[in-house]
Amino acid sequence: MSQTVSSNNKGASIEIDRLAKTFGSVRAVDDVSLTIEPGEFVALLGPSGSGKSTVLMSVAGFERPSAGRIMIGGKDCTRLPPNKRDIGMVFQHYTLFPHLSVGDNVAFPLKMRGVAKAERRRQAEAALEIVRLGGYGDRMPKQLSGGQQQRVALARAIVYNPQVLLMDEPLSALDKNLREEMQIEIKRLHAELGFTVVFVTHDQGEALTMADRIAILKAGRLQQVSPARELYERPSNLFAASFIGEMNMLPVQWDGANATFSEREHIRLPDSASIETVPSGRAVLAVRPERLSVTSPGETGSWRATVSDVVYAGAGSLLITHLHDGSEVRLRVASAGQAPVRPGQAIGIKVPPEAALLYPADAAR
Ligand SMILES: Nc1ncnc2c1ncn2[C@@H]1O[C@H](COP(=O)(O)OP(=O)(O)OP(=O)(O)O)[C@@H](O)[C@H]1O
Ligand SMILES: [Mg+2]
């Protein structure tokens with residue numbers, strides 16, 4: 001069957017320009033600017049209450065910004081109602097109409113847009129085929145599983161071929177297997193149909209695997225907008241560093257070249273642009289557990305540590321160690337080909353200087 005949801009849609013750009021939204025005294029969104037390219041997949045990631053939904057609802061038109069501008073496809077939409085914005089929306093809960101059949105649920109936006117009945121049916125069935133639910137049109141929502149219901153919600157969001165798809169934690173109500181299946185499904189649809197996606201999640205793994213770029217929010221403010229790898233390898237501040245993945249954080253004294261901690265241990269850091277911006281004095285040294293390795297205690301340049309715990313986890317092991325001053329350092333090491341390490345053992349920890357990140361101590365906001 002030919003699919004009427006066209007595949008030559010390039011998606012629309014979205015420009016969020018100095019967006020602010022206050023609810024009483026709460027600054028839910030505080031001066032957020034973000035430009036999203038046509039066809040790009042951007043995840044909004046952040047802790048609960050950081051303003052993710054408020055940003056999304058402002059783009060959708062369900063929230064009226066207190067300040068700032070929303071442009072979609074180069075057009076100022078700040079004052080347009082949601083149905084005039086050429087967007088599809090999927091929410092956390094399926095929000096299907098329980099008294100309407102699956103087909104009528106999917107056709108609903110078309111009905112709102114005055115599409116004739118026969119054409120509605122045809123387009124709804126095509127959208128259901130795209131989410132692999134062809135033939136389910138006559139069922140009622142409650143006769144479907146959670147994952148199937150969320151696919152119906154997805155079909156309803158794309159049925160009128162919008163240039164932008166906005167999703168607010170669309171998978172968080174699903175169990176792990178279904179969630180992973182739907183992640184793949186959404187990525188496939190995105191590749192096939194080419195719309196621009198803004199995807200809200202507080203699951204960092206989901207953001208890292210799905211998005212072209214990830215925007216991190218904290219307390220209504222944008223912290224960093226980067227592709228996954230850059231965000232993981234070069235977090236731009238302490239918050240981003242601690243929010244994504246595992247990170248060892250050690251308080252240090254920084255003199256412009258050496259970071260000293262634990263009374264005797266220090267590390268000389270290679271020159272880099274990010275280090276130049278850290279003033280001398282108290283600072284935080286951050287290093288990912290998988291960048292550290294075990295060496296013999298006392299080896300030049302290594303840190304002396306005592307192993308407290310070894311957690312075997314199949315392909316790798318987690319070593320929990322303590323430095324001389326009591327600070328904890330975690331290592332992720334491959335299980336294969338390593339001499340076994342035991343609790344109580346003295347080891348050296350080898351730290352590649354280029355893996356060490358340095359932040360001003362008071363940078364956590
Ligand atoms: N309608 C509202 N009235 C008052 N305060 C609101 C309203 N909507 C959101 N807020 C507040 O604005 C802030 C941001 O909320 P928002 O829902 O955008 O966060 P979120 O990042 O989506 O969180 P979550 O991950 O829990 O969904 C919170 O402090 C919230 O309490
Ligand atoms: Mg939310």
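All residue numbers refer to positions in the sequence shown, counting from 1. Each ligand, and each atom within it, is numbered from 1 in the order the structure gives. Atoms considered below: every heavy atom in the structure, side chains included; atoms not considered: hydrogens, waters and symmetry mates.
Side-chain atoms of Asp325 and Ser327 include a donor-acceptor pair closer than 3.5 Å.
Of the candidates Ile87, Asp86, Val197, Ile36, Val164 forms a side-chain contact (heavy atoms from CB on, under 4.5 Å) with just one, namely Ile87.
Using modelled atom types, one side-chain atom of Lys21 and one backbone atom of Arg64 make a donor-acceptor pair closer than 3.5 Å.
Ligand-side atoms of ligand 1 in range of Glu169: 25 (O), range being under 4.0 angstrom from any heavy atom. Atoms of ligand 1 found under 4.0 Å from any heavy atom of His202, numbered from 1 in the order shown, are 25 (O).
Counting only heavy atoms of the protein, atom 23 (O) of ligand 1 lies nearest to Gly49 N, 2.8 Å. Scanning the protein heavy atoms around atom 25 (O) of ligand 1, the nearest turns out to be Lys52 NZ, 2.7 Å. In terms of protein heavy-atom proximity, atom 26 (O) of ligand 1 is closest to Ser48 OG, 2.5 Å. Protein heavy atom in closest approach to atom 17 (O) of ligand 1: Ser53 CB, 3.7 Å. Scanning all protein heavy atoms for the shortest distance to atom 3 (N) of ligand 1 gives Phe23 CD2, 3.4 Å.
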(request) Decide yes or no on side chain to side chain donor-acceptor pair (under 3.5 Å) for Asp76 and Thr78, but give the supporting numbers first. (result) CA-CA 6 Å; Asp76 190 338; Thr78 316; 2.6 Å; yes
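Among the atoms of Val26, none of the N or O lies under 3.5 angstrom from an N or O of ligand 1. Considering backbone and side-chain atoms alike, Ala28 places every N or O at 3.5 Å or more from each N or O of ligand 1.
In this comparison of Thr54, Asp168, Leu56, the heavy atom closest to atom 16 (P) of ligand 1 sits on Thr54.
Heavy atoms of other residues, nucleotides or ligands lying less than 6.0 angstrom from CG of Asp175 number more than 12. Within 6.0 Å of NE2 on His322 lie more than 12 heavy atoms contributed by other residues, nucleotides or ligands.
Among the atoms of Ser53, an N, O or S atom is found under 2.8 Å from the Mg ion (ligand 2).
Under a 4.0 Å heavy-atom criterion, Pro47 is in contact with ligand 1. The shell of residues lying under 4.0 angstrom from ligand 1, judged by heavy atoms, excludes Lys21. The closest approach between a heavy atom of Gly46 and any atom of ligand 1 is not below 4.0 Å.
Contacts between Met57 and ligand 1 below 4.0 angstrom, taking non-hydrogen atoms only, are absent altogether.
In this structure, Phe41 and Phe199 have tilted ring planes: the angle between them lies in the 30° to 60° band.
Inside a 4.0 Å radius of atom 30 (C) of ligand 1 there is not any protein heavy atom.
At a threshold of 4.5 Å between non-hydrogen side-chain atoms, the residues Met182 and Leu154 count as touching.
Relative to the ring axis of Phe97, Arg156 places its NZ or CZ within 45° and under 6.0 Å from the centre.
The pair Glu125-Arg121 fails the salt-bridge criterion, with no side-chain N (NZ, NE, NH1 or NH2) lying under 4.0 Å from an Asp/Glu carboxylate O.
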